[in-house]
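First the structure, in the form of structure tokens, and then the observations on it.
Only a predicted model underlies this, so the values are computations on that prediction, with no experimental measurement involved. Each chain gets a letter, A, B and so on, in the order its sequence line appears, and its residues count up from 1.
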Amino acid sequence: MTGQKMDFYERVGIVCRRIPYGKVATYGQIAMLCGKPNNSRQVGYALNRSLSGEVPAHRVVNHKGYLSGASAFFDSGMQRRMLESEGVQVGEENRVELKVFGWRHTLEDALEFRRLFGDE
DNA sequence: ATACTGACTAATC
DNA sequence: TGATTAGCCAGTA
């Protein structure tokens, strides 16, 4: 039980799929839900690697709400358009108001992930 | 095994 | 007040 030493990157994919439609999460938030609060950088790296289409990577922004350059997307405006198509308003500086569109996960969510990942 | 990378963040200056 | 620096750590070569 819980001994699943799954890749951190795989965890990232699982957590990201839980980001609700029309909401965004931060790298740090994802990292925290994966049980590694300081792995925010790895989150971005993981998403870049996991861009299989099954992971809503466009819903992840940095802690200030800025779209992270979108270098992994085909063009810089793609992430923005994807978000807008979900109803997420993106500011002129490619910025999202986290107060409004940030995913506010519950403690239950965190506990569920913790259980799922085995909380190392 | 060691070195380098990187879609970040928090702490300093 | 904003800009810079250093820390972070799993994955890859």
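Side-chain nitrogen and oxygen atoms of A/Lys36 include none within less than 4.0 Å of the OP1 or OP2 phosphate oxygen of C/dC8.
In this structure, the nucleotide among C/dA10, B/dT9, B/dA7 sitting nearest to the side chain of A/Phe8 is C/dA10. Counting only heavy atoms from C-beta on, A/Thr26 has its side chain closest to B/dT9 among B/dA7, B/dT9, C/dG7. Residue A/Asn62 has its side chain nearest to B/dC8 when only B/dC8, B/dA10, B/dA7 are considered. Of the candidate nucleotides B/dC8, C/dA10, C/dG11, C/dG11 has the atom lying nearest to any side-chain atom of A/Arg49. Considering only side-chain atoms of A/Asn39, the nucleotide from B/dT9, C/dC9, B/dA7 that sits closest is C/dC9.
Considering A/Val88, A/Val90, A/Leu67, A/Asn94 as possible partners of A/Val61, the one that fulfils the side-chain contact (heavy atoms from CB on, under 4.5 Å) test is A/Leu67.
A/Leu67 has its CG atom 15 Å from the P atom of B/dA7, to the nearest Å. A/His63 has its NE2 atom 11 Å from the P atom of B/dA11, to the nearest Å. The CG-P distance, from A/Leu47 to B/dA7, rounds to 11 Å in whole Å. In this entry the distance linking CG of A/Asn94 with C1' of B/dA7 reads 13 Å, nearest Å. Atom NZ in A/Lys64 sits roughly 11 Å away from atom P in C/dG2 (whole-Å rounding). The nearest whole Å value for the distance from the OH atom in A/Tyr66 to the P atom in B/dT9 is 13 Å. One can place OH of A/Tyr45 at 18 Å from P of B/dT9, the figure rounded to the nearest angstrom. Going from atom CE of A/Met32 over to atom P of B/dA10 covers 10 Å, rounded to whole Å.
Under the ring-ring contact (aromatic ring centres under 6.0 Å, His included) criterion, A/Phe101 pairs with no residue, sequence neighbours left out.
The base of C/dG7 lies close enough to the side chain of A/Arg41 for a donor and an acceptor atom to sit less than 3.5 Å apart. Taking only distance into account, the side chain of A/Tyr27 meets the base of B/dA7 through a donor-acceptor pair shorter than 3.5 Å.
A donor-acceptor pair under 3.5 Å is formed between the side chain of A/Gln79 and the backbone N or O of A/His58. Within the 3.5 Å criterion, the main-chain N or O of A/Lys64 finds a donor-acceptor partner in the side chain of A/Arg95.
Here the CD atom belonging to A/Glu54 is positioned 5.5 Å from the CZ atom belonging to A/Arg17, to the nearest 0.5 angstrom.
Along DNA chain B, the nucleotide closest to A/Tyr9 and the one closest to A/Ser40 are compared, and the more 5′ of them pairs with A/Tyr9.
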